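Because the structure is a prediction, the values reported are computed rather than measured.
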Amino acid sequence: LAVVTAVIAMYAKASCVDEAWVSFVKLSERDVVSWSAIISAFLYNGQAKDAIQLFEEMQKEGIKTDKITFVSILDACADDVALAEGRRMHDHIMINAFETDLVVGTALLNMYGRCGMLEDARRVFKDISGRDVVAWTVIVAAHAQQGHAKEAQRLLDQMREEGMAPNEVTFVSILNACSHSGLVDEGRQWFRLMKTTYGIVPVVDHYNCMIDLLARAGLMEEAEALVKEMPMTPT
RNA sequence: GGAGAACU
């Protein structure tokens, strides 16, 4: 069982969902871990809806959900912006007293953030113990996604006060959030702030986000200008 | 043996 589960995980990382699925159905016995592995396999390939369905099947089989499964399924809900399902998970998580766990809490936070539920996201964030850069990034990006740049900056200040610094991924997340919400001005502002007040040297991912943001808004000339001023070769 | 943020 353990070895097949490892094989499923390997297929997942190689984006071979079909192969992973074949291995999974061949199993005579399935525990939480093998179910989690196949759920992650679907998630990894952007099939969040299927992942959620698999989770429901798992529950029908009477398999008890653990911390890690919760994280995966919350991730699926975040990807799918499945708020109702996510809230149901939150209830289960509270019953199991996993709410303050860093990773579970961050996944919850991310789900609420992606669904635009800032109040819920803030409440979860407050209760997470030992918040790290990832948790901070998620809460900041959630605010950026809703266009609350000022509040997001306040959070970054607060983050600094607690002795933590945003990293490259923090700003990729913010820029990406702006891009998905069509916040062109905000995005341009964040790109500038990132370089000036936060001292982050933009890498290719940041440029990609900005180019994506501008292109989505139909600002092709500006996007092309940015490509030209990129210090690295575009991919 | 399966887990949390971004691009892809």
(request) For each nucleotide in nucleotides 1-8 of chain B, reading 5' to 3', give B when a protein heavy atom comes within less than 4.0 Å of its base, S when such contact involves only the sugar-phosphate, and - otherwise. (result) BBBBBBB-
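A/Phe24 has its ring centre less than 6.0 Å from the ring centre of A/Trp35. Taking the six-membered ring for Trp, A/Phe125 and A/Tyr112 have ring centres at least 6.0 Å apart.
A/Asn110 places no side-chain N or O within donor-acceptor distance of the main-chain N or O of A/Thr106, the cut-off being under 3.5 Å.
Atom CZ of A/Arg216 sits in a crowded spot, with more than 12 heavy atoms from other residues, nucleotides or ligands closer than 6.0 Å.
Listed by first and then second residue, the side-chain hydrogen bond (donor to acceptor under 3.5 Å, both in side chains) pairs that reach into residues 73-84 of chain A are A/Lys49-A/Asp80, A/Asp79-A/Arg114, sequence neighbours excluded.
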